[in-house]
Amino acid sequence: MLAMGEPYFNCGKAAPLRGIRVLDLCRVVSGPFGSLLLADLGAEVIRVESVPDSTRIVESVPDSTPPARPAGDLAVDEAFSWGLNRNKRSIALDLKSEQGREIFHRLVAEADVVCDNFRPGVTQRLKIDRESLAVHNPSIITCSLTGFGADGPWASMPAYDPIVQAMCGTMNYTRLSPSGSPVRWGIPIGDLFAGIFTAIGVVAATIHRDRTGAGQHVDVAMLDVMLALNTYRVPQALTFDEEPLPAPFEGGQGTVPFGNFECRTGWISTCISQRMWRPACEVFNRPELAEDVRFSTGAARYANSAELIALLQEIFLERTADEWQRDLMDAGVVCGKVTEVADVFQHPQVLARGMSVQIQDEMGRSATVAGDPLGFADPDTWHAPSPIGADTALVLHDLLGMPAQEVMQLHERGVVFAPNGAESVAPLAPHRRFVASQVRDVDAEDAPLTGINVLELNGDEPSKCFAAQLLADLGADVIRVDRPVGQVIEPYPNQQREISFRAGLNRGKRSVIADLKTDEGKALFTALVKRADVVLDNYRPGVLTRLGIDNDSLRSLNPRVISTSITGFGHTGPWSSFPAFDNAIQALGGGMSITVDPQSPQTPVRWGNPIGGLTGAMFAALGTLASVRLQQLTGKGRALDVSLLDSQVALLSYRVPQAVTVGRRFLPEPYRGGSGSLPFGAFPTAGGGWFVICITPQFWHDFCVASGHPEWENDPRFRTEPLRRDNEAELYDNVRPVFLERTAEEWQDIYFRMKLPGAPVLTINDAFRHPQAVARSMAVTLTDSGVPAGIEVANAPLKFSSSRIASARSAPEPGAHTAEIVESLAHDGVLLH
């Protein structure tokens with residue numbers, strides 16, 4: 001029996017995507033992160049890179065895998081690639097040439113998936129769009145990741161991570177105060193989250209192809225993904241007109257204190273719920289605060305938050321962050337030290353969970369990379385990415401039967417790049433060309449998870465709720481097993497907040513009431529488990545064992561069942577028993593250490609949405625999909641142990657070898673891009689708005705023209721990017737006053753007309769009313785028992801060319817489907833009281 005937390009590769013089973021071959025056309029961060037996750041699930045990923053010219057200079061953030069250096073330490077550009085492209089192969093083709101395209105088309109016939117993150121229109125111009133590729137492989141799955149999607153008025157606009165962070169609405173309330181600067185998360189979550197959804201979409205499309213024989217196209221947009229992650233904030237703003245405001249010391253459910261406090265040394269992030277308040281007061285050495293009428297209840301702390309925060313700010317300065325973390329966590333009070341990127345990989349829980357992995361290249365050089373947060377991969381087999389073109393000769397020979405002499409001739413003509421001495425010696429993974437079965441389990445238009453039954457155990461935390469909602473969007477029948485009405489642990493501050501959580505995180509589900517502490521409740525749950533494919537929970541380790549519904553108990557009822565358990569720190573390791581909330585995960589995961597308000601650069605800022613929980617939710621959905629594919633191939637279930645901290649650590653990806661191996665210290669850089677480009681960042685405008693720009697070298701000329709200062713282009717202080725970095729203070733002294741000359745809306749008109757990367761910082765309302773969000777149908781109005789006029793929620797972010805998405809179904813009231821589900825069980829011969 002597979003125990004919760006046991007690494008999957010120790011069980012001798014096939015990886016979920018073993019036998020799947022991916023041609024990866026992606027560049028930079030978003031797409032490569034998505035294909036990295038596919039590789040961790042067992043796919044063979046072959047990067048299709050450009051043929052380098054003889055004068056090619058590798059930049060600090062390369063579009064291609066840098067050539068391996070003959071000896072010495074790892075360089076920054078190599079470290080970037082090792083973090084995102086480990087375990088991937090590399091071929092180089094000139095897709096602009098007729099011969100190069102012909103070779104690619106032949107490779108597509110031997111592949112299962114093609115991923116790209118080109119701007120819309122590029123694949124059509126290169127004749128490698130889905131329609132062109134389907135001629136050579138009708139069952140091919142194609143996936144395009146773009147900033148704004150394949151359609152809509154902004155489809156052709158350039159997109160960078162800060163742009164979608166600004167446009168999604170969340171940056172507007174990620175501030176230290178209403179008058180402060182909007183803050184972007186220091187890690188490019190717009191890129192990385194879209195990468196996770198790319199993997200989710202590809203695995204879902206693979207399941208769909210297994211069942212129908214039909215390939216299809218997956219359309220992933222960074223903005224769609226970031227809009228969808230607003231979850232419960234959407235009905236709050238769009239239906240109840242409660243636009244989220246900066247609340248650096250308040251949790252999403254109104255929990256106070258929930259924020260960051262400066263200590264004698266370092267910073268600590270706290271998340272203190274009602275049941276933790278008394279033990280926290282004991283640790284503070286202020287036991288009288290537990291009985292103080294101003295603070296004794298959650299409602300009282302919410303009403304008197306300013307007074308409480310001022311008091312705690314004094315208390316936390318008395319000790320170091322390490323001391324507070326030790327004593328509070330030992331008392332069962334959630335907190336986390338704000339941790340720098342390199343230090344994350346010294347944390348005992350990160351080490352115990354295998355999230356710090358050493359890999360080597362063929363010359364024996366090694367680097368630390370982030371591990372697989374889902375536990376499917378075997379890190380003992382991991383290796384550095386192939387240098388550019390190292391696998392060209394092998395791939396062309398083994399897949400196309402091309403002799404070495406022909407490869408050499410193509411290399412000499414620049415059609416391919418296959419350098420001598422760099423050839424790969426590792427054979428390609430076993431692969432069989434997909435042949436559509438005559439038997440159809442579901443129709444080609446059905447959602448990928450049609451017929452899959454998911455039980456979601458009670459709880460309102462975004463990690464579990466959002467994961468289950470993603471599965472419901474993909475067609476699963478998700479049944480929430482809710483507590484009896486009245487058994488509420490943490491009440492919401494008002495009814496609007498409660499309805500928003502229910503509607504924003506539970507659309508498309510059904511609900512039954514079952515008290516799992518009673519025989520009747522357990523009988524209903526047992527009956528549901530016997531016909532379930534997945535059971536999803538986010539209880540702390542040990543809770544399900546006490547209830548008698550742990551993984552072993554579930555598997556004794558249904559050997560095929562998949563147990564997906566989402567916890568703060570996982571089911572193994574020295575921190576496994578500790579409680580966790582989002583703010584602490586953000587702090588411990590490294591990202592908060594490089595997220596600051598430029599006007600208060602010493603103060604770490606938490607992202608306005610609970611990305612600690614939401615990241616875990618996305619990984620849980622991906623892992624569950626992968627487990628469903630294995631279940632359908634083998635008939636067996638498994639235990640999936642998803643840790644929120646592991647999930648955050650995975651987001652560090654390319655930063656890990658740079659920080660841990662190369663020794664680069666990552667500091668907050670709110671006015672620089674990831675590769676050091678500038679000008680970048682948020683600037684105040686006339687009328688009180690803010691405008692975010694991302695000016696990389698190719699946009700410098702047009703930026704100078706748009707700013708009304710064409711003379712900047714050749715100014716000896718600014719004409720090249722290195723010069724702009726050397727003269728950064730002078731550059732911004734010139735740029736800031738310019739943005740105050742126009743409103744954010746006026747700047748938007750100029751940037752849109754000139755196709756420059758820039759956007760206003762939008763509210764949630766403005767984000768979902770934006771023409772691009774409207775064109776992509778990212779808001780949907782559903783009927784709701786608590787809101788007669790209907791309630792607006794975020795729509796599903798994935799778009800499939802064939803499969804229907806099942807997002808337009810209302811969120812249930814607790815127990816709304818109990819009678820219906822009990823009746824269906826009775827129809828199957830299961831009688832319940």
**Asked** So, for Q658 and F666, which heavy atoms are closest and what is the spacing to 0.1 Å?
**Response** OE1-CZ, 3.2 Å
**Prompt:** Looking at G149 and P120, what are the two nearest heavy atoms and their distance?
**Reply:** O-CG, 3.5 Å
**Prompt:** Cation over ring, R18 on F376, under 6.0 Å and within 45°?
**Reply:** no
**Request:** Output the distance between atom SG (C143) and atom CG (L25), rounded to the nearest 0.5 Å.
**Result:** 11.5 Å
**Asked** Ignoring hydrogens and geometry, is there a side-chain-to-backbone donor-acceptor pair from T392 to F417 under 3.5 Å?
**Response** yes
**Complete:** Taken to the nearest 0.5 Å, the spacing of L107 CG from E102 CD works out to 9.5 Å
**Request:** Measure across V662 and L74 and return the closest heavy-atom pair with its distance rounded to 0.1 Å.
**Result:** CG2-O, 3.6 Å
**Message:** Donor-acceptor pair, distance only, cut-off 3.5 Å: does the side chain of T206 make one with the backbone of A204?
**Reply:** no
**Message:** Within the 3.5 Å criterion, strictly below it, is a donor on D391 or S90 matched to an acceptor on the partner's side chain?
**Reply:** no
**Asked** Short question: side chain of R101, backbone of L95 - any donor-acceptor pair under 3.5 Å?
**Response** yes
**Request:** Indicate yes or no for a side-chain donor-acceptor contact from D161 to the backbone of G190 under 3.5 Å, with no hydrogens or angles considered.
**Result:** yes
**Asked** So, are R365 and D73 salt-bridged, with charged N and O less than 4.0 Å apart?
**Response** no
**Verdict with reasoning, D24 to R89, per salt bridge (Lys or Arg N to Asp or Glu O under 4.0 Å)** = CA-CA 10 Å; D24 180 16; R89 295 183 177 273; over 6 Å; no
**Asked** When you check the side-chain N and O atoms of H208 and Q216, is any donor under 3.5 Å from an acceptor?
**Response** yes
**Request:** Please confirm whether the backbone N or O of P16 pairs with a side-chain atom of R629, one donor and one acceptor, at under 3.5 Å?
**Result:** yes
**Prompt:** So with a 6.0 Å cut-off around CD of E445, is the heavy-atom count from everything else above 12?
**Reply:** no
**Request:** For residues P188 and R655, determine if any side-chain heavy atom of one lies less than 4.5 Å from a side-chain heavy atom of the other.
**Result:** yes
**Asked** Is a donor on one side and an acceptor on the other found under 3.5 Å between the side chain of E49 and the backbone of I388?
**Response** no
**Message:** Between H431 (side chain only) and D112 (backbone N and O only), is there a donor and an acceptor less than 3.5 Å apart?
**Reply:** no
**Request:** List the steps and the verdict of side chain to side chain contact (heavy atoms under 4.5 Å, CB included) for I20 and L38.
**Result:** CA-CA 9 Å; I20 296 296; L38 298 176; over 6 Å; no
**Prompt:** Should W382 and D372 count as side-chain neighbours, where that means a heavy-atom distance under 4.5 Å?
**Reply:** yes
**Message:** Salt bridge check, D219 against R130: does any charged N sit closer than 4.0 Å to a carboxylate O?
**Reply:** no
**Message:** For P32 versus N117, what's the shortest heavy-atom pair and its separation?
**Reply:** CD-ND2, 4.3 Å
**Test: R724 cationic atom under 6.0 Å from W700 six-membered ring centre, within 45° of axis** = yes
**Closest non-hydrogen atom pair between A155 and Q772, with its separation** = N-OE1, 3.8 Å
**Request:** Give a yes or no on this: more than 12 heavy atoms of other residues, nucleotides or ligands lie within 6.0 Å of atom CD of Q698.
**Result:** yes
**Message:** On a heavy-atom basis, which atom in V218 and which in G201 lie closest, and how many Å separate them?
**Reply:** CG2-O, 3.8 Å
**Request:** May I ask you to decide if the ring planes of F619 and F33 are parallel, tilted or perpendicular, using 30° and 60° as cut-offs?
**Result:** perpendicular
**Asked** Are T123 and D116 close enough, and set up right, to give a side chain to side chain contact (heavy atoms under 4.5 Å, CB included), and what steps lead you there?
**Response** CA-CA 9 Å; T123 57; D116 78 86; 3.9 Å; yes
**Asked** Does the pair R211/D446 count as a salt bridge with the N-to-O cut at 4.0 Å?
**Response** no
**Request:** Could you tell me whether a side-chain N or O of Q632 sits under 3.5 Å from a main-chain N or O of I207, the two making a donor and an acceptor?
**Result:** no
**Request:** Go through the side-chain N and O atoms of T696 and Y160 and say whether any donor and acceptor fall under 3.5 Å apart.
**Result:** yes
**Item:** Short side-chain donor-acceptor distance under 3.5 Å, N420 and H411
**Value:** no
**Pairwise side-chain contact, L652 with I187, heavy-atom cut-off 4.5 Å (strictly under)** = yes
**Message:** Could you measure the distance from the OG atom of S97 to the CG atom of L126? Nearest 0.5 Å is fine.
**Reply:** 10.0 Å
**Request:** Measure the CD-NE2 distance between E131 and H217 for me, rounded to the nearest 0.5 Å.
**Result:** 12.0 Å
**Residue pair M618 / L229, side-chain heavy-atom distance below 4.5 Å** = yes
**Item:** Salt-bridge contact R21-E110 (side-chain N to carboxylate O under 4.0 Å)
**Value:** no
**Item:** Any R725 side-chain heavy atom under 4.5 Å of L678 side chain
**Value:** yes
**Request:** Please confirm whether the backbone N or O of L400 pairs with a side-chain atom of R106, one donor and one acceptor, at under 3.5 Å?
**Result:** yes
**CG-CZ distance between D224 and F148, expressed to the nearest 0.5 angstrom** = 10.0 Å
**Item:** Under 3.5 Å donor-acceptor, K88 side chain and S35 backbone
**Value:** no
